Structures are given as C-alpha cells and as structure tokens.
There are 2 protein chains.
Amino acid sequence: MATRAQRTPSQLIEPELMAAALEILGESGPEGFTIRAIARRAKVAPMAIYNHFAGKDGLLEAIWIEGFTLLRRDLEVTSINPNNKFFDTAQAYRKFALTHRSHYTVMFMHRFIGFTPSPYAVTVALATFQTLERLVKSAQTVGIFSDYNAVDAAQMLWSTCHGFVSLEMLDINFATNRDETFLEFIRGVERGVAYSNK
Amino acid sequence: MATRAQRTPSQLIEPELMAAALEILGESGPEGFTIRAIARRAKVAPMAIYNHFAGKDGLLEAIWIEGFTLLRRDLEVTSINPNNKFFDTAQAYRKFALTHRSHYTVMFMHRFIGFTPSPYAVTVALATFQTLERLVKSAQTVGIFSDYNAVDAAQMLWSTCHGFVSLEMLDINFATNRDETFLEFIRGVERGVAYSNK
DNA sequence: ACCGAGTATAGAACATCGTTCTATACTAAT
DNA sequence: ATTAGTATAGAACGATGTTCTATACTCGGT
C-alpha cells in the first residue's frame, strides 16, 4: 500500500488549506508560513495552493478578505444604543483581534514580503472602515463625537483600539491587567474624545 | 582596469552598511531588504555583513538598538514642564516615527522572518518604555494621570501614539489632515485620560 | 457498469534567498 | 619590505516560491 497518498476531494481543499494556513500562522508566525508547510498540514499537494488560490499571495489575500469581512460583521452587531457605541465597538474590535490573531496579523501586523492586496481586497478593507464611520455618525445623532467630522473620529477610534491591541499582540504591552487597562483606556478616550466640549 | 572593485576601508563598512540598510528598507520595504541588495548599495561584499554584523539578523538588531536608543533620547528631551509632558511626548514620538520610518518598521511594524531581538536588545527597548514611565510619574507630581498607576498610564500613552502612527505608516489613516487630527486626538486623550477625575 | 473529462498528485526544475567556506589580493602596521 | 589582518569574489548548500510535466485517481453522464 501507500504508493500514493489519499486524494483529497476538491470541495474540501480550499477550507482545509485556509484552516491549515491560519493554524500555521498562529503557531509558527510568518516565518513558518510556507507553501510546503501549509500543504503538509492540510494533507494536500503544494500545487493545490496554486490550483485553488493564486499561490501564497492568493492565500494571504483570502485571509485578508475573510478577516475584514468578519471584523465588519462583528462591528455591525454592536449595541444599537448610540450612547454605548464607542465602548461596544472598541470591545468588539479587541475581541476580534485576540480571537482571530492570524487574520489580524495579515490585516495589520505584518507586511508579508511580496504580498500586496488587490484593488478588490482594498475595497473590502475600505468597507470595514466605512462601517466604523457609520457607527460614529450614528453616535453623533445623540451628541457624541460632535467636535469632529465622522472620518476623523472614526480614525481616532480605530487608532485607540489598534494601538493597544497591536502592542498587546507584539507582547510589548506591560499593563498590569490588559483587560482592565483596555477598559480604562477606552473609557478615558471616550471621556476626552467622544463627550468633550473642547 | 576593474579586475576587482575598490576595497572599502574597515572603519567605513559598518556605517555604510547601516546607511544602505536603512535606505533599502525605506525605499523597497522588507521585501527588498536582502543581504545582496544591501551589500550592493553599500558597495561592499555580501560577506561584510557577516564579518561586521551577525548576518541579516545582526543588522536588524543593530537597527533595533539604534532605534530604541534614538527614541529614548528624543523622549527625554521633551518639555520640562510637567503640565505639557503628555502633549510634548506624544508629539516627539510621532515625529520620531515619521522621521525614522525604517527604524520604526524594525521596532514595531514588521516581524522579520527569523529575527528575534537578543536579551540585550530587549533591555534597550525596556529602558525606552521606562523612560515613558518616568515621564508619567513626573506628570503625576502635578496631579496628571492621577487615576492610574504609572505603568498603565504609560501604556495608554504609548498605545495612543503607536495606534495613530502605525496606521499612518501602513497608509490606512484616512484623517482629513493627519497632523491636525493627531493633535486633536492627543488633546482628546489628554482630556479624558490625563486630567480625568472619573 | 463503464468510460472519459477533470483534477489531485509527485517530482523535477529554476531563480533567489541566507549562510558558510575557500582562496585570493589588497591594506596598513611593523 | 615584509607580514598580519581583512575585504573580496565565487562556489556551494539547503530552503524558499513558482512553473511544468507526467501520472493516477474520481466522479458524472451514458
């Protein structure tokens, strides 16, 4: 027996490659993220990555698009109460990042050598930012963020979350208790940015 | 002529390699950061990177250490008025990042495959964080940041700056005017975090 | 049940990467 | 002027992403 490994059904190849890619990225980081290692993990031929994705960059793009789509969905289901939107959105953002570390790494943390997201992938990312913008506009209907235009306020919200979370993922976050310090941080930013009357 | 290229004097090799490495990183990003390309730019043999640094990772470590040293120095010369420390430190931080993009990339933006800073390099980075901590403690003498312990407040300050700047460097900062929006952002965080009495 | 189109696979091949090694030729100090 | 030190060129190794080819499996239509 074993003259040749079992052949994987076509429909299973893409999800198994995605799963393997995310696992490898989570376990070994970008340095372990190689075509041969991913294929080995997925029990699939290296060539499958070229037949089902556009090579390594295509796989990264698939992770990018899935990541921004998931983040957008997570942000959209936050509180319907405009008064809580800043707090809830920040919480949802951090939860997404810590729950989908591999996705977040591709989206924001690591510039993979050779990988440039396609124009379509960029529009998906833009749509996620526009979701943030819409959340801000909704909050502005009850007087929050009234000092800034929506784009700038959305950028501040994003910066707040990404700053804390990315340092956390790089393990250069020395906060005594990361969960609590993040809460204190976004409450503080909320006081100063969202409810201010400078 | 030209049976062999001019030989570069020993003392010039290290600075020229450093300069070439930073240039290449700034121009071509991590994907262009290869031994052969850096040596070509410095008009030096590839082997020089092994004789004068510990290979590619050694060169990255040199950039890391220089970067954290420069950042620490820039943060230490900020305002002696404790009331302005938050504002001045944030300004100095962003200025450093935008002026030393290649350094900042190695320090915070890109996990280079295979590169792990040595224990000594980590202590240099820690010293920079402790500088931030000292700045916070100084501000606390006049009642600023009084709600938090110094480590947590320093982490908030760092997160604020890194969040805005890193998205800026990744070119996913859509603020109408980055300079002004950053100022508004840190003023807002200052109101909410530094001067709060929650 | 069979047969043929589609496709998953193995493996060789290529350029480039980081790295190591060797032999050569230059430089600077004695 | 001689010698020790070292910058250089170049070959070599394994690993990488990628392309190509030939093989062998699978599944849908008859």
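Keep in mind the model is a prediction, meaning the values are calculated, not measured. The sequence lines fix the lettering, A, B, ..., with proteins before strands; numbering per chain opens at 1.
Distance CD (B:Gln11) to P (C:dA28): 8 Å, rounded to an integer number of Å. Rounded to whole Å, atom C1' of C:dT19 lies 16 Å from atom CD1 of B:Ile113. Distance CD1 (B:Ile24) to C1' (C:dC17): 15 Å, rounded to an integer number of Å. Atom CG in B:Leu59 sits roughly 11 Å away from atom P in C:dG18 (whole-Å rounding). Counting to the nearest Å, the P atom of C:dT22 and the CG atom of B:Asn51 are 14 Å from each other. D:dC25 atom P lies 20 Å from atom NZ of A:Lys43, rounded to whole Å. In this structure, B:Lys56 atom NZ and C:dC17 atom C1' are separated by 8 Å, rounded to whole Å. Look at CD1 on B:Ile13: it is 8 Å from C1' on D:dT6, rounded to the nearest Å.
B:Phe112 comes within 4.0 angstrom of nothing in the nucleic acid, heavy atoms only. Within 4.0 Å of B:Phe33, counting heavy atoms only, lie sugar-phosphate atoms of the nucleic acid but no base atom.
Applying the 4.0 Å criterion to OP1 and OP2 of C:dA8, one finds that A:His52 has a side-chain N or O inside that range.
Judged purely by distance below 3.5 Å, without hydrogens or angles, the side chains of B:Glu61 and B:Ser118 pair a donor atom with an acceptor atom.
Of the candidates C:dT9, D:dT8, D:dG17, the closest approach to any side-chain atom of A:Ile35 belongs to D:dG17. Which of C:dT9, C:dT19, D:dT18 sits closest to the side chain of A:Ala48 comes down to C:dT9. For A:Met47, the side-chain atoms get nearest to D:dT19 when compared with the rest of C:dA8, C:dT19, D:dT19. The side chain of A:Tyr50 approaches D:dT18 more closely than any other nucleotide in the set D:dT18, C:dT19, D:dT8. Comparing D:dA7, C:dC17, C:dT9 against the side chain of A:Ala45 picks out C:dT9 as the nearest.
Classified by interplanar angle (parallel below 30°, tilted 30° to 60°, perpendicular above 60°), the ring pair B:Phe174/A:Phe129 is tilted. Under the 30°/60° scheme for interplanar angles, the aromatic rings of A:Trp64 and A:Phe115 are found to stand perpendicular. Using cut-offs of 30° and 60° on the angle between ring planes, the pair A:His103 and A:Phe96 is tilted.
With DNA chain C read from its 5' end, the first of the two nearest nucleotides for A:Val44 and A:Arg36 is the one closest to A:Val44.
For B:Asn83, the side-chain contact (heavy atoms from CB on, under 4.5 Å) partners are B:Asn81, B:Val142, B:Ile144, B:Tyr195, not counting sequence neighbours.
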